[in-house]
Amino acid sequence: MDFKRANETSASSEEAAAGVKGEQRNQALIGMIRAVPIMLGYLPIGFAFGVLAVTNGLSIYSAVAMSVFVFAGSSQLISVGMIGAGAGIAAITMTVFLVNLRHMLMSAYLAPYLKLFSPLQLALFSYEVTDESFAVHSAYFRCGGIPPAAQLFALNVSAQLSWVIGTLLGAWIGGRLSFDIATYGIDYALPAMFIALLVMQIDGLRRAYIALLSAAIGLTLYLAGMSQLYIIVATVVAAAVGAAVEYRNEKKGVEAT
Amino acid sequence: MPEIALLIFLMSLVTYLPRVIPMILLSRRTLPRAVELWLSYVPVAVLAALLAPGLFVPDSRFELALPANPAFWVSIPLFIIAFLTRNLFITVLSGMVLIAALRLFI
């Protein structure tokens, strides 16, 4: 964008419109850059999903369709495993529902920040709520306010695009070459990202304790065999403990003054 | 394969509904303070619960010993790096380099 022109106060409406477009393009670019850590994780895991999908009897089209329409990593991996094992439609659907129910908590958290979105924007935005996009969005919402819509959508779409491209490549060439996700530590991109975003959200001892509590509950339930709902139960309980303590302190503070 | 098409449709439905319903219901509402506080703890709680099994359960059993579980040992310097830099890219790249190095040398 021409800097001088953007600074002119007497810009015609045409020029103003061009400025808005340029600004949106910049925001979209920022969104894409912010999606890079997610894409680093999604490309290889999408690839692994593509390989697994075709080895379990899905066509390339079905594998890609699943990544386009469902777009939920762990549940997609579980579902192709179940398809390969000969499970029925009802059982697979129920499992996917339980595995993805945790996104409800994430949407509930993000919703109050998106008051300016139209219903259509809300519907489109929630389509691409994943663990990873939620982690990035919530960290930025908490630390630095709400970025413009163009940036938020660019991040989501870039992330899904890398997931779909990974799936396509995996389904297409995956059967023909051996592929180890642990090479170069690629498999650690997403856990590392979760660590970074968790640390960004911890702004005091209480939040650190709640994180530890949630991890402990989640780990215990996971080891006890609750493999589908452990995240939800741990989150609901640990967040309730944190909120109860803070709520009581606030009340006390009001009474004291 | 009409069965696969039906399955993908049902999967996308049960995935999308939990994502969209809270978004529509809660975006235009002023929430009670207790709910607001509860939601404010959701990110730390959800991220910690998501992370924990990957760091402590490498292969269906609780295991911290080294050749089996490099993820846990890399996570310690990584938490420190994340805390000091507060930078997503540096943390992710350090994590990938550290775990690749650890796997190479043990």
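Remember, predicted model here, so these are calculated numbers, not experimental data. Just the heavy atoms: all of them, side chains too, but no hydrogens, waters or symmetry mates, feed the values below. Chain letters run A, B, ... following the sequence lines, proteins first and then strands; every chain starts at 1.
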**Asked** Which region of Val74(B), side chain (C-beta onward) or backbone (N, CA, C, O), has a non-hydrogen atom less than 4.5 Å from a non-hydrogen atom of chain A, or is it both or neither?
**Response** both
**Request:** For the pair Arg19(B) (side chain) and His103(A) (backbone), establish whether a donor and an acceptor sit closer than 3.5 Å, ignoring hydrogens and angles.
**Result:** no
**Asked** Once you round to the nearest 0.5 Å, how far does CZ of Phe9(B) lie from CZ of Phe69(A)?
**Response** 10.5 Å
**Message:** Less than 4.5 Å to any heavy atom of chain B: does that hold for the side chain of Tyr247(A), its backbone, both, or neither?
**Reply:** both
**Item:** Separation between OG of Ser126(A) and CG of Leu17(B), rounded to the nearest 0.5 Å
**Value:** 10.0 Å
**Complete:** Closest heavy-atom pair, Ala189(A) versus Met96(B), reported as atoms and distance to 0.1 Å, is CB-SD, 3.9 Å
**Request:** Measure Leu31(B) against the heavy atoms of chain A and call it side chain, backbone, both or neither at under 4.5 Å.
**Result:** side chain
**Complete:** d(Ile92(A) CD1, Met11(B) CE) to nearest 0.5 Å is 7.5 Å
**Asked** Heavy-atom distance under 4.5 Å between the side chains of Phe117(A) and Ser27(B), does that happen here?
**Response** no
**Complete:** Whatever's closer than 4.5 Å to a heavy atom in chain B on Leu223(A) counts as side chain
**Asked** Out of curiosity, Leu51(B) CG to Leu197(A) CG, how far, rounded to the nearest 0.5 Å?
**Response** 10.0 Å
**Request:** Quick one: pull up CE in Met200(A) and CG in Leu47(B) and give me the separation to the nearest 0.5 Å.
**Result:** 11.5 Å
**Asked** Looking at Ala45(B) and Ala239(A), what are the two nearest heavy atoms and their distance?
**Response** CB-N, 4.4 Å
**Prompt:** At what distance, to the nearest 0.5 angstrom, does CD of Gln201(A) lie from OH of Tyr41(B)?
**Reply:** 12.5 Å
**Item:** Interchain contact, Ser227(A) with chain B, by part (heavy-atom threshold 4.5 Å)
**Value:** neither
**Message:** Tell me whether Glu250(A) is salt-bridged to Arg33(B), with the criterion being a basic N under 4.0 Å from an acidic carboxylate O.
**Reply:** yes
**Prompt:** Closest approach of Val92(B) and Pro37(A), non-hydrogen atoms and distance?
**Reply:** CG2-CB, 4.2 Å
**Message:** Has Trp38(B) got a side-chain atom pairing as donor or acceptor with Val236(A)'s backbone, closer than 3.5 angstrom?
**Reply:** yes
**Request:** Inspect the surroundings of CG in Leu104(B) and state if more than 12 heavy atoms from other residues, nucleotides or ligands are less than 6.0 Å away.
**Result:** yes
**Request:** Find the one option among Ala52(B), Pro53(B), Ser75(B), Ser94(B) whose heavy-atom pairs under 4.5 Å with chain A are most numerous.
**Result:** Pro53(B)
**Request:** Under 4.5 Å heavy-atom distance to chain B, tell me which part of Tyr113(A) shows up: side chain, backbone, both or neither.
**Result:** neither
**Fill in**
Interface check, chain B: of Ile195(A), Leu110(A), Asn100(A), Val129(A), most non-hydrogen pairs under 4.5 Å belong to Ile195(A)
**Message:** Quick check on Phe83(B) against chain A: is it the side chain, the backbone, both or neither that has a heavy atom closer than 4.5 Å?
**Reply:** both
**Asked** Of all heavy-atom pairs between Ala48(B) and Ala211(A), which one has the smallest distance, and what is that distance?
**Response** CB-O, 3.1 Å
**Prompt:** Just by distance, do the side chain of Tyr109(A) and the backbone of Ser40(B) share a donor-acceptor pair under 3.5 Å?
**Reply:** no
**Prompt:** Where on Phe79(B) is there a heavy atom nearer than 4.5 Å to chain A: the side chain, the backbone, both, or neither?
**Reply:** both
